[in-house]
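In this text the structure is predicted, and so the values were computed from the model without any measurement.
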Amino acid sequence: MRHGKKVNHLSRQTGHRKSMLANMACSLIEHKRINTTVAKAKALKQFVEPLITKSKEDTTHNRRIVFAYLRNKYGVTELFREVAAKVGDRPGGYTRIIKVGNRLGDNADMAMIELVDFNELYKGGKKEEKKAKSRRGGKAKKSDDTTPVAEVKPVETTQAAVVEEVVETPIEAVDSSVSELAEQTPEVVEETPVAEVEETPVAEDVESSVSEQAEQTPEVVEETPVAEVEETPAPETEAPSDEESKEEQA
């Protein structure tokens, strides 16, 4: 019988039991679900849920208290950053124990313990929309029907006045700008010096350069000594020398 037995010692001494629960709590915080025996899962539930409640208020004092139980700085950081943000609106019951059958070998009862807010299967892949609830039994006050009507009417009139102002002002501005452009355009066209551009004597320069080249080319051609090159009879000098040599031999 378990008279007055509030804590399951799990057949371990105090130091061993605390170290085991701290290790299991860090694994649960990191992986969001673990498989263990039913007895250990129930002991872990009582061990880790008060620490999750502490993580809702992120202070140095609470971090030191949680670190004294978990003994792992990475687990403390994960708890205060990710887990606390998920379970911030939940008033308790952060974990869920699901039995998965018996273990082969010793036939021990096995269970899966997980963090409730990180299981998306129960939510159907949708985020829950929580409504603000109050503990008081009174109903929320309804707004008067006359106030929104009185506010809507002047808004419509002001919008119409604003639209008229916005439509009228740009038309006047456009007309004035068009008239100014019409007055400025002929002056700009008249001032452009077209005659100066046409008077540039480009054709005369080209003709003069061509005539100078034509005068210089025949002088160069006449000076070349073409006749002197043609008058040199190189093969004729060799022929008489051969005939004379034959007569002398005869």
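- The structure places CE of Met112 at 6.5 Å from CG of Asn119, a figure rounded to the nearest 0.5 Å.
- Put simply, the side chain of Lys40 never gets that close to the backbone of Ala111: no donor and acceptor are under 3.5 Å apart.
- Hydrophobic clustering of Ile, Leu, Val, Met, Phe, Trp and Tyr side chains at less than 4.5 Å, counting indirect connections, unites Ile98 with Met110.
- Other residues, nucleotides and ligands place no more than 12 heavy atoms under 6.0 Å from the NZ atom of Lys42.
- Scanning all heavy atoms of the two residues, the minimum distance from Ala22 to Leu70 falls at CB-O, 3.8 Å.
- Heavy atoms only, all atoms of each residue included: Asp58 and Arg63 are closest at OD1-NE, 2.8 Å.
- Between atom OG of residue Ser55 and atom CZ of residue Arg81 there is a gap of 13.5 Å, rounded to the nearest 0.5 Å.
- The minimum heavy-atom distance linking Tyr94 with Glu49 is given by the pair N-OE2, 3.4 Å.
- The shortest non-hydrogen separation linking Glu114 to Leu28 is CA-CD1, 4.1 Å.
- Arg103 and Thr37 are not linked by any side-chain donor-acceptor pair at a separation below 3.5 angstrom, with hydrogens and angles left out of the test.
- With respect to the salt-bridge test (charged N to carboxylate O, under 4.0 angstrom), the residues Lys99 and Asp109 do not qualify.
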Problem set entry | Trace of the salt bridge (charged side-chain N to carboxylate O under 4.0 Å, His left out) decision for Glu78 with Lys73 | CA-CA 9 Å; Glu78 183 81 8; Lys73 61 181 181 181; over 6 Å; no

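- Val38 and Met20 fall into different hydrophobic clusters, where Ile, Leu, Val, Met, Phe, Trp and Tyr are joined by side-chain heavy atoms under 4.5 Å apart, directly or via other members.
- Checked by atom type and distance alone, the side chain of Lys32 pairs as donor or acceptor with a backbone atom of Glu30 at under 3.5 Å.
- The minimum heavy-atom distance between Leu44 and Leu21, with the atom names listed, is CD1-O, 3.8 Å.
- In this structure, CZ on Phe80 lies 6.5 Å from OG1 on Thr59, to the nearest 0.5 angstrom.
- Grouping the Ile, Leu, Val, Met, Phe, Trp and Tyr side chains by contacts below 4.5 angstrom, directly or via other members, places Ile97 with Val48.
- Summarising the geometry of Ala43 relative to Leu10, their closest heavy-atom pair is CB-CD1, 4.1 Å, with the distance given to 0.1 Å.
- Formation of a donor-acceptor pair under 3.5 Å by the Lys45 side chain with backbone atoms of Thr95 is found in this model.
- Remark: Arg33 is not positioned above the aromatic ring of Phe118, lacking an NZ or CZ atom under 6.0 angstrom from the ring centre and at most 45 degrees off the axis.
- One distance of note links OG of Ser27 with CG of Asn72; it measures 9.0 Å at 0.5 Å rounding.
- Arg12 places no side-chain N or O within 3.5 Å of a backbone atom of Arg17 that could act as its donor or acceptor partner.
- Under the 4.5 Å side-chain criterion, counting only non-hydrogen atoms from C-beta, Leu115 is not in contact with Val87.
- Taken from CE in Met24 to OG1 in Thr36, the straight-line distance is 4.0 Å, to the nearest 0.5 Å.
- Taking SG of Cys26 as the reference point, atom CZ of Arg71 lies at 10.0 Å (rounded to 0.5 Å).
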